[in-house]
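As structure tokens, the structure follows; a few thoughts come after it.
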Amino acid sequence: QVQLVESGGGLVQAGDSLRLSCATSARTFSTYAMGWFRQAPGKEREFVAAITWNSGNTAYADSVKGRFTISREDAKNTVYLQMNSLKPEDTAVYYCAARTSSPVRIPTRSDDYAYWGQGTQVTVSS
């Protein structure tokens with residue numbers, strides 16, 4: 001099965017930047033899309049960003065659009081989430097996810113993904 005290894009979480013102040021990384025063991029041709037989700041205390045897991053592996057098409061939640069950027073590095077089978085202008089409301093556990101089959105749309109729902117990382121904590125102080 002696909003293994004996802006995350007890194008980059010931490011504690012920062014509002015307005016700071018942070019970059020999350022997610023390396024996948026999946027072969028590139030077997031990976032359709034990778035995404036980032038987050039879950040704040042007492043909240044449901046919510047979509048943050050996604051990228052299709054082959055075409056590089058991206059999608060973002062409205063709450064992060066313009067501040068976060070998802071990208072991929074093919075040689076390392078790694079997806080990044082560059083988070084700028086962080087706000088306290090961005091505080092959450094961030095999860096990396098991978099999908100290996102192709103839907104007709106870019107996947108933005110938790111149920112669209114079969115493989116998940118363990119999560120990394122991002123805390124933004126005010």
Using a 4.5 Å cut-off on heavy atoms from C-beta on, say whether the side chain of [Y] contacts that of [X].
{"X": "T52", "Y": "N54", "value": "no"}
{"X": "E6", "Y": "S21", "value": "no"}
{"X": "V93", "Y": "T120", "value": "no"}
{"X": "V48", "Y": "L81", "value": "yes"}
{"X": "F47", "Y": "P107", "value": "no"}
{"X": "L20", "Y": "Y80", "value": "no"}

| task | State which residues pass side-chain contact (heavy atoms from CB on, under 4.5 Å) with S102; sequence neighbours excluded, sorted by chain then number. | result | Y32
| said: Tell me every residue that passes side-chain contact (heavy atoms from CB on, under 4.5 Å) with S126, counting only those two or more places apart in sequence or in another chain. | reply: P88
| Can you list the residues that meet the salt bridge (Lys or Arg N to Asp or Glu O under 4.0 Å) rule with E73, with sequence neighbours excluded? | none
| Residues two or more places apart in sequence or in another chain: which of them pass salt bridge (Lys or Arg N to Asp or Glu O under 4.0 Å) with R45? | none
Decide whether [X] and [Y] are clustered together by the hydrophobic rule: side chain heavy atoms of Ile, Leu, Val, Met, Phe, Trp, Tyr closer than 4.5 Å, transitively.
{"X": "V2", "Y": "W53", "result": "yes"}
{"X": "Y95", "Y": "F68", "result": "no"}
{"X": "Y115", "Y": "Y113", "result": "no"}
{"X": "F37", "Y": "Y94", "result": "no"}

| remark: Of all heavy-atom pairs linking L4 and Q118, the shortest is O-OE1, 3.6 Å
| Minimum-distance pair of heavy atoms, taken over all atoms of S110 and W116 | O-CZ2, 3.4 Å
Ignoring hydrogens and geometry, is there a side-chain-to-backbone donor-acceptor pair from [X] to [Y] under 3.5 Å?
{"X": "T91", "Y": "V124", "value": "yes"}
{"X": "S25", "Y": "Q3", "value": "yes"}
{"X": "T78", "Y": "K76", "value": "yes"}

What is the distance from atom [atom1] of [X] to atom [atom2] of [Y], rounded to the nearest 0.5 Å?
{"X": "Q121", "Y": "R38", "atom1": "CD", "atom2": "CZ", "answer": "12.0 Å"}
{"X": "R72", "Y": "I51", "atom1": "CZ", "atom2": "CD1", "answer": "5.0 Å"}
{"X": "I70", "Y": "T58", "atom1": "CD1", "atom2": "OG1", "answer": "8.0 Å"}

| Contact list for residues 94-105, test salt bridge (Lys or Arg N to Asp or Glu O under 4.0 Å), sequence neighbours left out | R105-D112
| said: Show me the pairs that pass salt bridge (Lys or Arg N to Asp or Glu O under 4.0 Å) and involve residues 60-69, at least two apart or across chains. | reply: R67-D90
| request: Evaluate the criterion side-chain contact (heavy atoms from CB on, under 4.5 Å) for residue pair Q82 and S71; output intermediate values, then yes/no. | output: CA-CA 8 Å; Q82 178 66 46; S71 62; over 6 Å; no
| query | Side chains of N77 and T24: do they bring a donor and an acceptor to under 3.5 Å? | reply | no
| task | Could you walk me through whether C96 and W36 pass side-chain contact (heavy atoms from CB on, under 4.5 Å), step by step? | result | CA-CA 5 Å; C96 177; W36 289 96; 3.9 Å; yes
| Within a reach of under 6.0 Å around CD of E44, are more than 12 heavy atoms found that belong to other residues, nucleotides or ligands? | no
